[in-house]
Amino acid sequence: MLVDIGIIFILGIVFAKFSEKIGLAPIIGMLIAGILISPNQLALVSENIVNLSSDLRQIALVTILSRAGLSLNFDKLKKVGRPAILLSFVPASIEMLGIIIFGKMIFKIDTIDAGILAAVLAAVSPAIVVPRMIRLMNEGYGKDKHIPEMILAGASVDDVFVIVFFSSFLALKTGGDLSFMNFLNIPISIITGIILGIIIGKILGKILVSFDINPIYKAMIFISLGFLTLRFQEIVSDYIAISALISIMTAGMAINMEDESLTSDLLGSFGRLWKVFEVFLFVLVGISVDMAYVKEAGFLAVLLILIGLIFRMVGVNISLIGTNLNKDERLFTSFAYLPKATVQAAIGPVALSMGLASGNLILSVSVIAILFTAPLGAILTDNTYDKLLKKS
């Protein structure tokens, strides 16, 4: 196992740096490294390493959502207002609808399988979007109309919205019934998750401010509470619907309101922790891939992903109706909402690990989506922002 971990770190980092050198996102290199060293390809690592995937995905999700919550500020959300709220669910909803309709036709799968696939594909990638929007804010592009803040806020909540739907479709597939109550539980779980998150964030914020401990320890306490919240969701699931993932992100927002200095410390620590988790996550996703299924999905997967992106761009433009954004700014917002990577890596392999018949298909399409849309979104964003946005 230690040899496997050593190979994962060394080749993951080497391929990430090479990917960065040629202008691609580092996560693309990590993914390719995983595919190459997989037991299905060069067999440089053992199959036992795949057993780490499930727990690591949970760590990755908690880290992603904690960082997203800590990055969101209620005052900034008020400034961007309605379009940020619409961007958090309208593009994802319309993309999921398109993928469910066409996914059933293209891959001959049932509605629930198509829903799981749609939920996996519909999330935008914070790993691609967040650093680029922060750079635009620092450089002043789109600042007058708060465009980077709007995209940052919408994209962060977009991930949570999609993950909640993913969990709901997965529950239906693994033994639940398709009923009105199942769908009613979605808004209930969001509301209860927000309430629990505010309580956790307020209490934790006061405790962490009171104690003088290393910021990395504070981040570890926050992550640990996230794990406990996931367990709490399992315990009370028979009595009340609650989204632990929503709670984790809301707790981050509550801490942000409680103390800016604490928030800054936590974000810095999460950034350092994520560097470790990120290599593991994307390399292990690559290791889980069976290239035979990827080749089989091939063109049809790319076709479905393109259809989904078209639906997503329609959703973005619907969300921006009534705003003061011009045509160029709306086009840039659409480009910024294209890349997929982090969430697909975190939840793409779940269906396969649970033994679903559609698991290999869902994982294969997820990997193709990362390889196709992550560089596409990054390239379009990096090469158009200075042309499509005004600098203040």
Side-chain angles (χ1 to χ4, degrees), residues 16 19-29 64 67-68 71-73 76-77 79-88 90-92 94-95 122-159 267 271 274 278 305-306 308-344 369-392:
S19 182
E20 197 172 21
K21 284 284 185 183
I22 61 174
L24 297 176
I27 53 178
I28 300 297
I64 291 165
R67 289 180 71 196
S71 300
L72 292 175
N73 183 291
K76 289 182 180 178
L77 286 174
K79 289 179 182 177
V80 293
R82 179 184 61 84
I85 295 172
L86 293 178
L87 283 170
S88 69
V90 172
I94 293 177
E95 183 176 6
V124 70
S125 170
I128 306 294
V129 173
V130 171
R132 282 167 172 78
M133 293 308 108
I134 291 173
R135 187 181 71 202
L136 295 192
M137 285 188 277
N138 292 336
E139 294 181 8
Y141 283 95
K143 186 176 180 180
D144 291 343
K145 298 181 182 179
H146 304 291
I147 294 172
E149 291 93 337
M150 176 186 71
I151 294 171
L152 188 61
S156 298
V157 183
D158 169 285
D159 292 339
L267 280 172
W274 177 245
E278 184 181 42
I305 292 163
L306 281 171
L309 293 181
I310 292 169
F311 274 79
R312 171 166 280 269
M313 292 180 77
V314 170
V316 169
N317 282 276
I318 290 174
S319 302
L320 298 177
I321 291 173
T323 66
N324 62 349
L325 271 64
N326 61 38
K327 183 174 65 176
D328 288 345
E329 292 162 341
R330 290 168 191 255
L331 181 60
F332 174 81
T333 306
S334 297
F335 288 161
Y337 254 61
L338 293 182
K340 304 174 185 302
T342 325
V343 176
Q344 286 68 32
I370 296 171
L371 293 173
F372 177 56
T373 66
L376 174 67
I379 290 168
L380 286 174
T381 303
D382 291 344
N383 289 281
T384 62
Y385 74 91
D386 56 344
K387 302 174 184 67
L388 299 177
L389 301 180
K390 292 180 180 177
K391 184 174 183 178
S392 58

Practice task
Could you go through the side-chain contact (heavy atoms from CB on, under 4.5 Å) check for Lys391 and Asp386 one step at a time?
Solution key: CA-CA 8 Å; Lys391 184 174 183 178; Asp386 56 344; over 6 Å; no
Strictly distance-based, threshold 3.5 Å: is any side-chain N or O of [X] a donor or acceptor partner for the main-chain N or O of [Y]?
X: Gln344; Y: Ala123; result: yes
X: Ser19; Y: Ile28; result: no
X: Tyr385; Y: Phe332; result: no
X: Ser88; Y: Ile85; result: yes
X: Glu139; Y: Leu136; result: no
X: Asn383; Y: Ile379; result: yes

Can you tell me how far apart [atom1] ([X]) and [atom2] ([Y]) are? Round to the nearest 0.5 Å.
X: Thr373; Y: Ile305; atom1: OG1; atom2: CD1; answer: 7.0 Å
X: Glu329; Y: Asn324; atom1: CD; atom2: CG; answer: 7.5 Å
X: Leu331; Y: Asn326; atom1: CG; atom2: CG; answer: 10.0 Å
X: Leu320; Y: Leu86; atom1: CG; atom2: CG; answer: 8.5 Å
X: Glu20; Y: Ile27; atom1: CD; atom2: CD1; answer: 11.5 Å
X: Ile147; Y: Thr333; atom1: CD1; atom2: OG1; answer: 5.5 Å

How close do [X] and [Y] get, counting heavy atoms only, and between which atoms?
X: Leu389; Y: Tyr141; answer: O-CD2, 3.8 Å
X: Val316; Y: Ser334; answer: CG1-OG, 3.7 Å
X: Val124; Y: Ala336; answer: CG2-O, 4.0 Å
X: Pro339; Y: Val129; answer: CG-CG2, 4.0 Å
X: Ala92; Y: Arg312; answer: CA-NH2, 3.8 Å
X: Asn317; Y: Arg330; answer: OD1-CB, 3.8 Å

Problem - SB check Asp382 Arg132 (cutoff 4.0 Å) - result: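 The answer is yes: the pair qualifies as a salt bridge.
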Practice task
With the side chain counted from C-beta on, respond yes when Arg82 and Thr323 share a heavy-atom pair under 4.5 Å apart, and no when they do not.
Solution key: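 Arg82 reaches Thr323 side chain to side chain.
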Handout entry: Heavy-atom check, side chain of Met313 versus side chain of Leu338, under 4.5 Å
Key =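 Side-chain contact under 4.5 Å: yes.
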Practice task
Apply side-chain contact (heavy atoms from CB on, under 4.5 Å) to Leu376 and Leu309, showing your working.
Solution key: CA-CA 11 Å; Leu376 174 67; Leu309 293 181; 4.2 Å; yes
